[in-house]
Trainee: 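Have a look at this one before I ask anything.
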Amino acid sequence: MKSTGIDSFIFNFGGIKIPGKHVFLLRRNVVGIVNLKPLTDGHVLVCSRREVNRMKLLNEAETLDLWYSAMEVQKTMEDIYKRTFTCVVQDGPEAGQTVKQVHIHVLPHVEDESIFIKASEERKPRDNDVMAEEAEKYRKLFEQNNVADVMRW
């Protein structure tokens, strides 16, 4: 992934503008982004590139790309954090979806599962520069693992 295109790329995530410097994976149907309010270190999001709010609205290619990308993200993140991971979709408001766009939460397993109860409002947003540094670290790992060969800026 070429760094020159990062600054000009903007991902519209359920009406929220995500700067390219917070993106670590970009595919035809999928965007991987760092989380503004992660539950734990390594909590990232794998998102549908097309803005739809429910899984049932994705077409077959989008669904396959989303889940395959989530698997690749999980494998790479396991190498970094040396833990197993949980992959979660909150499909609709009743399921806890706060951003109206299909996305998979990929997060390291934690011993204290009470963090899952902590409301989004209670977690503090992170600094843009911290998020950009984290995304850059992940981008480099995805490039090294040849996951970056389908990325386009």
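Just so it is clear, the structure is predicted and the values come from calculations on it, not from any experiment.
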Trainee: Sequence neighbours excluded, which residues qualify as salt bridge (Lys or Arg N to Asp or Glu O under 4.0 Å) partners of Asp91?
Mentor: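 For Asp91 the salt bridge (Lys or Arg N to Asp or Glu O under 4.0 Å) partners, ignoring immediate neighbours, are Arg54.
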Trainee: Mind checking whether Phe24 and Val73 have side chains closer than 4.5 Å, heavy atoms only?
Mentor: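 Sidechains of Val73 and Phe24: in contact.
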Trainee: Does Met71 share a hydrophobic cluster with Ile80, counting links as ILVMFWY side-chain heavy atoms below 4.5 Å and allowing steps through other members?
Mentor: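 Each belongs to a different hydrophobic cluster.
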Trainee: Answer yes or no: is there a side-chain heavy-atom contact under 4.5 Å between Val89 and Trp67?
Mentor: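 Side-chain contact under 4.5 Å: yes.
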Trainee: Are Val88 and Leu45 connected into the same hydrophobic cluster when the rule is that any two of I, L, V, M, F, W, Y join if their side-chain heavy atoms are below 4.5 Å apart?
Mentor: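 No; tracing contacts between hydrophobic side chains, which count when under 4.5 Å, never links both residues.
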Trainee: Got a donor-acceptor contact below 3.5 angstrom from the Gln101 side chain to the Ser48 backbone?
Mentor: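 Side chain of Gln101 to backbone of Ser48, a donor-acceptor pair under 3.5 Å: yes, one is there.
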Trainee: Using atom types as modelled and distance alone, determine if a side-chain donor or acceptor of Arg49 lies under 3.5 Å from a backbone N or O of Val31.
Mentor: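 Between the backbone of Val31 and the side chain of Arg49 there is no qualifying donor-acceptor contact (under 3.5 Å).
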Trainee: Under a 4.0 Å threshold between the charged nitrogen and the carboxylate oxygen, would Arg139 count as salt-bridged to Glu136?
Mentor: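 Judged by the 4.0 Å cut-off on N to carboxylate O distance, Glu136 and Arg139 do form a salt bridge.
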Trainee: Which residues pass the side-chain contact (heavy atoms from CB on, under 4.5 Å) test with Ile16, not counting sequence neighbours?
Mentor: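 Testing Ile16 for side-chain contact (heavy atoms from CB on, under 4.5 Å), a comparison that skips the adjacent residues, returns Ile18, Val99.
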Trainee: Side chains of Asn12 and Glu51: donor-acceptor distance under 3.5 Å anywhere?
Mentor: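 Asn12 vs Glu51: donor-acceptor pair found between side chains.
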Trainee: Examine distances only and state if a side-chain atom of Gln90 and a backbone atom of Gln97 form a donor-acceptor pair shorter than 3.5 Å.
Mentor: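 No.
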Trainee: Nearest 0.5 angstrom please: Leu64 CG to Asn59 CG, how far?
Mentor: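 Answer for the CG-CG pair, Leu64 versus Asn59, is 9.0 Å.
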Trainee: Taking side-chain contact (heavy atoms from CB on, under 4.5 Å) as the definition, give me every residue that meets it alongside Arg126, ordered by chain and number, with sequence neighbours left out.
Mentor: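 If we apply the side-chain contact (heavy atoms from CB on, under 4.5 Å) test to Arg126, skipping adjacent residues, the hits are Val34, Pro38, Val130, Met131, Glu134.
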